[in-house]
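One structure is given below, encoded as structure tokens.
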Amino acid sequence: MTERSDYSATAVASPNIAFIKYWGNINEELRLPVNGSLSMNMDGLATTTQIRFSSEFSQDSLELNGRPIQGPALGRVINVLNAIRAEAGTPLFAMVTSENNFPSGAGIASSASAFAALAFAAVNALGMRASTERISRFARLGSGSASRSVPDGFVEWYSGDSHETSFASSIAAADHWDLADCVLVVSDSHKKTGSTEGHKLAPSSPLQAARVADAPRRIEICRQAILERDFEQFAEIIQLDSDLMHAVMMTSHPALFYWTPETLRIIESVRNFHADGLPVAYTIDAGPNVHLITEEKNVEQVISAFKNLDGIKKILTTRAGNGAHLV
């Protein structure tokens with residue numbers, strides 16, 4: 001460290017949509033997942049985070065979308081900052097200002113982009129020489145899925161069994177496959193049970209052990225489908241994986257029901273449209289909103305098929321995007 005006492009940086013990161021899901025930890029403090037996962041960054045949706053470390057500050061502070069934040073959310077930010085400060089060798093507190101351009105807490109992975117941007121900005125503000133994998137580890141301490149928003153494009157998060165062995169890396173660049181994600185937003189309200197609490201309930205489901213045991217097979221199928229751009233194989237495996245995660249949620253104690261009647265209506269419509277020849281697949285994170293995955297050439301047809309369904313507030317269309325970066 002130099003003699004300076006003021007460091008700042010601004011970073012942008014996108015949420016990601018998981019094709020093979022993360023649900024449940026073997027270590028809650030480190031957010032080490034029970035299984036690996038695969039995802040795609042969502043271009044155009046972004047969290048922009050500015051961080052300033054300064055000797056002027058007597059404590060860490062967080063502002064999100066123009067509002068000061070306290071409580072558990074600030075605690076998660078401090079947890080990430082403490083890990084970064086420990087490695088950087090600085091005692092400086094930080095002021096964090098963050099903005100999302102999409103709904104927060106509604107199942108569009110806002111925590112993923114938030115903590116990826118935070119970790120990337122903090123590491124760069126302090127001048128640390130850090131690989132993508134190392135920044136991914138820091139981001140994971142705030143939100144497990146945030147580890148996947150640090151690398152570019154199509155990403156695999158390796159479960160590992162320690163802080164050093166659990167990180168994410170890119171398996172293909174954003175332009176490898178022209179997939180698009182049409183997010184059917186049926187609710188932009190903050191979900192009652194967040195993912196952090198939900199992960200803790202996963203072991204209470206009698207289905208979780210079977211889901212986890214089969215995860216390596218699903219990861220292998222999905223990875224190969226992405227690398228070979230095999231949409232039919234890809235569609236089948238991501239829908240199965242999504243259904244398995246939600247089955248665990250629904251059979252946890254207490255049970256978590258993120259789906260709404262609109263969610264179910266969309267699922268049924270996807271299966272019907274696919275059977276009629278429209279290449280589209282669904283996947284759903286911890287929330288009611290449905291991600292329709294298709295190839296770029298089919299986007300207009302997919303939007304046309306679904307835009308008039310009852311209960312859809314809006315459709316956000318994204319493509320594969322890059323990972324966290326400075327602005």
Side-chain angles (χ1 to χ4, degrees), residues 15-23 39-40 42 44-45 102-110 112 145 179-195 197-198 201-202 205 207 211 218 222 225 231-252 254-319:
N16 63 78
I17 177 59
F19 298 141
I20 301 297
K21 306 293 189 185
Y22 153 53
W23 197 249
S39 66
M40 179 184 84
M42 301 166 70
L45 304 184
F102 61 96
S104 304
I108 313 181
S110 57
S145 56
L179 287 186
D181 180 1
C182 301
V183 189
L184 304 190
V185 179
V186 300
S187 172
D188 52 14
S189 300
H190 206 285
K191 56 197 178 190
K192 293 180 180 179
T193 303
S195 297
E197 294 76 21
L201 298 176
S205 167
L207 304 182
R211 187 193 75 86
R218 299 194 305 278
C222 188
F231 190 82
E232 287 304 307
Q233 187 83 297
F234 171 78
E236 181 178 342
I237 202 65
I238 70 169
Q239 290 182 169
L240 171 63
D241 192 84
S242 178
D243 291 349
L244 284 170
M245 182 181 73
H246 283 272
V248 167
M249 293 169 172
M250 294 175 190
T251 53
S252 295
L256 297 177
F257 288 90
Y258 287 116
W259 291 357
T260 64
E262 292 79 14
T263 308
L264 282 166
R265 192 178 301 122
I266 294 167
I267 291 173
E268 183 178 19
S269 297
V270 170
R271 291 189 176 276
N272 290 338
F273 280 121
H274 190 270
D276 290 340
L278 179 60
V280 61
Y282 67 82
T283 185
I284 307 165
D285 280 345
N289 300 317
V290 184
H291 297 253
L292 302 186
I293 312 299
T294 190
E295 292 178 296
E296 178 66 31
K297 62 186 179 183
N298 301 311
V299 167
E300 292 306 317
Q301 189 178 358
V302 167
I303 292 175
S304 177
F306 286 89
K307 66 182 180 181
N308 293 322
L309 281 184
D310 289 342
I312 296 176
K313 295 180 180 293
K314 57 186 169 184
I315 300 177
L316 305 174
T317 303
T318 75
R319 279 79 179 172

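The figures that follow rest on heavy atoms only: side chains count, while hydrogens, waters and symmetry mates do not.
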Looking at every non-hydrogen atom in both residues, tell me the closest pair between [X] and [Y] and how far apart they are.
X: Ala281; Y: Phe231; result: N-CZ, 4.1 Å
X: Thr251; Y: Ala247; result: OG1-O, 2.7 Å
X: Gly198; Y: Leu256; result: CA-CD1, 3.8 Å
X: Ala286; Y: Trp23; result: CB-CZ3, 4.0 Å
X: Phe306; Y: Ser269; result: CE2-CB, 3.7 Å
X: Gly287; Y: His246; result: O-CE1, 4.2 Å

Are the side chains of [Y] and [X] in contact, using a 4.5 Å heavy-atom criterion?
X: Thr260; Y: Ser187; answer: no
X: Leu278; Y: Gln301; answer: yes
X: Thr193; Y: Tyr258; answer: yes
X: Glu262; Y: Ile312; answer: no
X: Lys313; Y: Val186; answer: no
X: Ile284; Y: Ile267; answer: yes
X: Met250; Y: Trp259; answer: yes
X: Arg218; Y: Arg211; answer: yes

*asked:* For Met249 and Met245: C-alpha separation, side-chain torsions, deciding distance, then whether side chain to side chain contact (heavy atoms under 4.5 Å, CB included) applies.
replied: CA-CA 6 Å; Met249 293 169 172; Met245 182 181 73; 3.5 Å; yes

*What pairs with Arg319 under salt bridge (Lys or Arg N to Asp or Glu O under 4.0 Å), at least two apart in sequence or on another chain?*
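With neighbours one apart ignored, the set is Glu296.
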
*asked:* The test is side chain to side chain contact (heavy atoms under 4.5 Å, CB included); show your working for Leu292 and Ile266 and say whether it passes.
replied: CA-CA 9 Å; Leu292 302 186; Ile266 294 167; 4.2 Å; yes

What's the spacing between [X] [atom1] and [Y] [atom2] if we round to 0.5 Å?
X: Ile303; Y: Asn308; atom1: CD1; atom2: CG; result: 12.0 Å
X: Cys222; Y: Ile238; atom1: SG; atom2: CD1; result: 7.0 Å
X: His274; Y: Tyr282; atom1: NE2; atom2: OH; result: 11.0 Å
X: Asp181; Y: Met42; atom1: CG; atom2: CE; result: 4.5 Å
X: Asn16; Y: Leu45; atom1: CG; atom2: CG; result: 11.0 Å
X: Thr283; Y: His291; atom1: OG1; atom2: NE2; result: 7.5 Å

*Test Val183 against Val290 for side chain to side chain contact (heavy atoms under 4.5 Å, CB included), laying out the working first.*
CA-CA 6 Å; Val183 189; Val290 184; over 6 Å; no

*Is the side chain of Ser205 donor-acceptor paired with the backbone N or O of Leu207 at a distance under 3.5 Å, no angle test?*
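Judged by distance alone, yes, a pair lies under 3.5 Å.
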
*Side-chain (Glu197) to main-chain (Gly194) donor-acceptor, under 3.5 angstrom*: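 Flag set: sc Glu197 to bb Gly194 pair under 3.5 Å.
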
_By the salt bridge (charged side-chain N to carboxylate O under 4.0 Å, His left out) test, which pairs, at least two apart or in different chains, include something from residues 270-281?_
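Listed by first then second residue: Asp243-Arg271.
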
*asked:* If we check side chain to side chain contact (heavy atoms under 4.5 Å, CB included) with Val302, which of these qualifies: Ile315, Thr317, Thr294?
replied: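 The passing option is Thr294.
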
*side chain to side chain contact (heavy atoms under 4.5 Å, CB included) with Val270: which of Val280, Leu184, Ile293?*
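For Val270, the side chain to side chain contact (heavy atoms under 4.5 Å, CB included) check succeeds only for Val280.
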
*Around atom CD of Glu295, are there more than 12 heavy atoms of other residues, nucleotides or ligands at under 6.0 Å?*
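For Glu295, atom CD is crowded (more than 12 foreign heavy atoms under 6.0 Å).
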
